[in-house]
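Residues: numbered from 1 along the sequence shown.
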Amino acid sequence: LKSPASNMGELSAGGDPAFGEPIISGRLRKKGGLTGLYYERYFVLDDTTLQYESAAGSRQMKSFLLHELEDVLRIPGKQENEIVFVFAGEHTGPVWKIQVRARSSESAREWALGALEARDRLRAKRSLSTPMCMDANTCANSPPASPTARAAASSSASCGTDPQPISAGSGVDGYCPPPPPPPPPLPPASAGGAAAPTPRTPAPPPPPSRQPAGPPDASQRPQVLTPAELMKRHLRKKANLKLVEAREDLLAAMESLAAAQWGDVETALDAYDTLARQMDDLGLPVEGEAWAERLVISKKGGGSHFNDEDLALASRAHARASALYDFAIRARQLRQRAANVTALSAALEANPSLSRDKRIARLHEAVHAAVKLYRETLEAGAADADQRRFDEAGIPGALQPFGDQLLAALPALAHGAYAIAADELSSLRREAPSSQRFRASRVATIARQALAVHIDLCAQLEHLKHATPDAVSQEQAELENAITEADALVGDHEEAELDDTV
């Protein structure tokens with residue numbers, strides 16, 4: 001199927017379709033027509049169209065008219081959160097399907113019902129505003145009329161005044177075109193009896209663009225808004241309305257946050273989770289723009305919905321909320337990385353597609369990644385300033401204990417590398433003397449990789465002024481002995497080959 005070209009791309013001046021009031025917006029996973037893979041796209045359903053971005057982060061939107069929506073279906077055997085929008089009509093073409101996956105079955109149901117209800121409202125509105133043609137002969141021989149001409153046809157004499165049933169062949173879609181305009185009057189005769197030349201009628205000016213322009217820029221020229229910018233403006237207005245309606249709940253939540261006290265770190269982390277959910281529901285997320293700036297919402301008659309006292313409270317509350325957000329994010333990053341480091345060796349061992357040398361390489365990479373996170377969080381230039389901000393916000397404790405927890409987990413990576421090398425060495429020792437020389441080279445290579453993990457880890461811990469566990473030092477010595485033993489077998493093998501050659 002070919003995409004409906006008239007509904008793709010950025011809308012030009014006077015382009016179609018126009019934007020309606022947004023109903024639902026969010027990210028859905030759309031199935032690609034060529035690859036069959038699912039790609040995340042931003043969708044907007046308003047009261048006239050279903051739109052989505054043509055590519056991730058693109059300013060171009062693809063639009064489909066809702067009055068051409070045939071149905072929204074669920075595919076048997078597929079997930080409950082997977083639905084298909086089916087379009088067919090003059091703009092869309094014979095049949096056009098958009099298969100998407102929502103985050104949940106409830107979300108999919110909301111999109112499906114929203115689209116169908118908007119279509120039904122739109123069709124009902126169009127049917128009520130459609131004038132009926134009363135003259136079958138006139139309508140049957142006339143070309144399709146524009147919407148403006150169709151609206152004017154209701155007062156046309158050719159359509160009559162009494163309502164009549166519409167016959168199957170009357171008009172185009174039940175519309176009656178207006179009568180042709182009357183001819184211009186004849187010019188007056190000149191003195192010589194010849195008609196005076198008819199003055200030329202100037203051509204009518206082109207219709208104005210239906211695409212709204214934004215505020216003028218520095219050169220005082222109006223900005224042309226793209227579909228993505230129009231959509232953003234619609235969503236902003238809808239979000240403003242939600243904030244105004246929730247004004248009392250917002251002020252109560254900000255007052256509670258400004259006065260909250262947390263006894264320990266875990267209580268503060270739990271408080272952040274509760275706060276994030278609450279503010280998201282109210283339309284004022286913690287990680288968004290500053291609350292005092294976001295709540296500057298003007299009234300139509302002048303003034304603002306939130307006064308200066310409200311904005312001052314929003315500024316104090318957001319300063320504390322943003323500090324709590326940064327603390328919670330960083331503390332949980334350090335804690336989660338420590339847990340991942342501890343479980344990495346077992347996870348790599350459970351993957352049969354990874355060879356032993358690749359498993360050691362992954363463990364070595366994990367050492368560098370964990371140390372990098374530690375330094376960025378606790379040793380960066382802004383770390384001291386962040387800690388002062390946490391203290392001013394009344395957050396108990398510090399990030400250092402979480403960093404110490406990560407450093408304490410790093411020896412698990414060295415233990416995993418040592419276990420791989422020790423298993424290789426044990427297998428070598430069980431081999432017959434005649435075959436040991438063929439395996440000794442690989443054992444020496446793996447032992448050197450494991451030894452590099454130990455040496456690097458010890459150097460990093462020493463630089464961070466963290467003690468190296470005795471078990472890591474003992475494993476390092478055993479790996480050095482294993483390399484010596486494997487190298488000796490490799491040397492014996494080379495001497496034996498030389499003797500055979502002689």
What heavy-atom pair brings [X] and [Y] nearest, and what distance separates the two atoms?
X	Y	result
A398	Q387	CB-OE1, 3.6 Å
M279	A253	SD-CB, 4.0 Å
P352	A350	CD-O, 3.2 Å
A421	A447	CB-CA, 4.1 Å
A323	A393	CB-CB, 3.7 Å
S345	A412	OG-O, 3.7 Å

Tell me every residue that passes side chain to side chain donor-acceptor pair (under 3.5 Å) with D249, counting only those two or more places apart in sequence or in another chain.
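With sequence neighbours excluded, D249 shows a side chain to side chain donor-acceptor pair (under 3.5 Å) to no residue whatsoever.
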
Among residues at least two apart in sequence or on other chains, which ones pass side chain to side chain donor-acceptor pair (under 3.5 Å) with Q336?
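Q336: side chain to side chain donor-acceptor pair (under 3.5 Å) contacts with N340.
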
Pairs meeting criterion salt bridge (charged side-chain N to carboxylate O under 4.0 Å, His left out) with involvement of [range], two or more places apart:
range	answer
residues 458-479	none
residues 99-123	E82-R101
residues 393-414	none
residues 252-271	E266-R335

Pair V472-H415, side chain to side chain contact (heavy atoms under 4.5 Å, CB included): steps then yes or no
CA-CA 7 Å; V472 174; H415 298 332; 4.0 Å; yes

Where at least one partner belongs to residues 335-355, residue pairs that pass ring pair (Phe, Tyr, Trp, His ring centres under 6.0 Å), sequence neighbours excluded
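Pairs touching residues 335-355 that pass the test: none.
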
What I want to find out is whether D487 reaches R448 closely enough, with some N-O distance under 4.0 Å, to be called a salt bridge.
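A salt bridge links D487 with R448.
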
Looking at E376 and R330, does any basic side-chain N land under 4.0 Å from a carboxylate oxygen?
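Salt bridge absent between E376 and R330.
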
Are [X] and [Y] side-chain neighbours, meaning at least one heavy-atom pair lies under 4.5 Å?
X	Y	result
F306	L250	yes
K62	Y52	yes
R41	V100	no
E485	L425	yes
Y374	E379	yes
V72	V86	no
L457	V371	no
R294	N240	yes

For R362, check salt bridge (charged side-chain N to carboxylate O under 4.0 Å, His left out) against everything at least two apart and list the hits.
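R362 satisfies salt bridge (charged side-chain N to carboxylate O under 4.0 Å, His left out) with no residue once adjacent residues are dropped.
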
Set of salt bridge (charged side-chain N to carboxylate O under 4.0 Å, His left out) partners for E431, sequence neighbours left out
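Applying salt bridge (charged side-chain N to carboxylate O under 4.0 Å, His left out) to E431 gives R439.
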
Would you give the length of the straight line joining atom [atom1] of [X] to atom [atom2] of [Y], rounded to the nearest 0.5 angstrom?
X	Y	atom1	atom2	answer
L479	I455	CG	CD1	9.0 Å
I329	T377	CD1	OG1	11.5 Å
L410	T468	CG	OG1	10.5 Å
D280	L275	CG	CG	9.0 Å
L243	L282	CG	CG	8.5 Å
L45	I24	CG	CD1	5.5 Å

Within a radius of less than 6.0 Å around [atom1] of [X], do more than 12 heavy atoms belonging to other residues, nucleotides or ligands occur?
X	atom1	answer
K237	NZ	no
E480	CD	yes
Q400	CD	yes

With sequence neighbours left out, which residue pairs that include part of residues 307-325 fulfil the side chain to side chain donor-acceptor pair (under 3.5 Å) condition?
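Only R247-D310 qualify under side chain to side chain donor-acceptor pair (under 3.5 Å).
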
Give every residue pair that meets the side chain to side chain donor-acceptor pair (under 3.5 Å) criterion with at least one member in residues 349-358, sequence neighbours excluded.
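Non-adjacent pairs meeting side chain to side chain donor-acceptor pair (under 3.5 Å): N351-S353, S355-D357, R356-D423, R356-E424.
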
Could you go through D47 and L122, starting from their C-alpha distance and side-chain angles, then the distance that decides it, and tell me whether this counts as side chain to side chain contact (heavy atoms under 4.5 Å, CB included)?
CA-CA 7 Å; D47 51 12; L122 183 60; over 6 Å; no

Any donor-acceptor N/O pair, [X] side chain to [Y] backbone, under 3.5 Å:
X	Y	result
K31	V84	no
W291	P285	yes
S304	I297	yes
K30	Y42	no

Aromatic ring pairing W96/F64, orientation class (parallel under 30°, perpendicular over 60°, tilted between):
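Judged by the thresholds at 30° and 60°, the geometry between W96 and F64 is parallel.
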
Quick one: do the Q460 and R375 side chains pair a donor with an acceptor below 3.5 Å?
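On atom types as modelled, these side chains qualify, holding a pair under 3.5 Å.
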
Can you see whether H234 engages D46 through a side-chain donor-acceptor pair at a distance of less than 3.5 angstrom?
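No, D46 and H234 have no side-chain donor paired with an acceptor closer than 3.5 Å.
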
Apply side chain to side chain contact (heavy atoms under 4.5 Å, CB included) to residues V44 and L50 and explain how you reach the verdict.
CA-CA 6 Å; V44 175; L50 175 68; over 6 Å; no

Partners meeting side-chain contact (heavy atoms from CB on, under 4.5 Å) with A422 (sequence neighbours left out)
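In terms of side-chain contact (heavy atoms from CB on, under 4.5 Å), with neighbours along the sequence ignored, A422 is linked to Y418.
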
Before giving the answer on side chain to side chain contact (heavy atoms under 4.5 Å, CB included), spell out for F43 and R27 the whole-Å C-alpha distance, their side-chain angles and the decisive distance to 0.1 Å.
CA-CA 6 Å; F43 278 73; R27 296 197 173 274; over 6 Å; no

Test applied, side-chain contact (heavy atoms from CB on, under 4.5 Å); reference residue, I395; option that passes from L324, D326, V265
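Of the listed options, the one satisfying the test is L324.
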
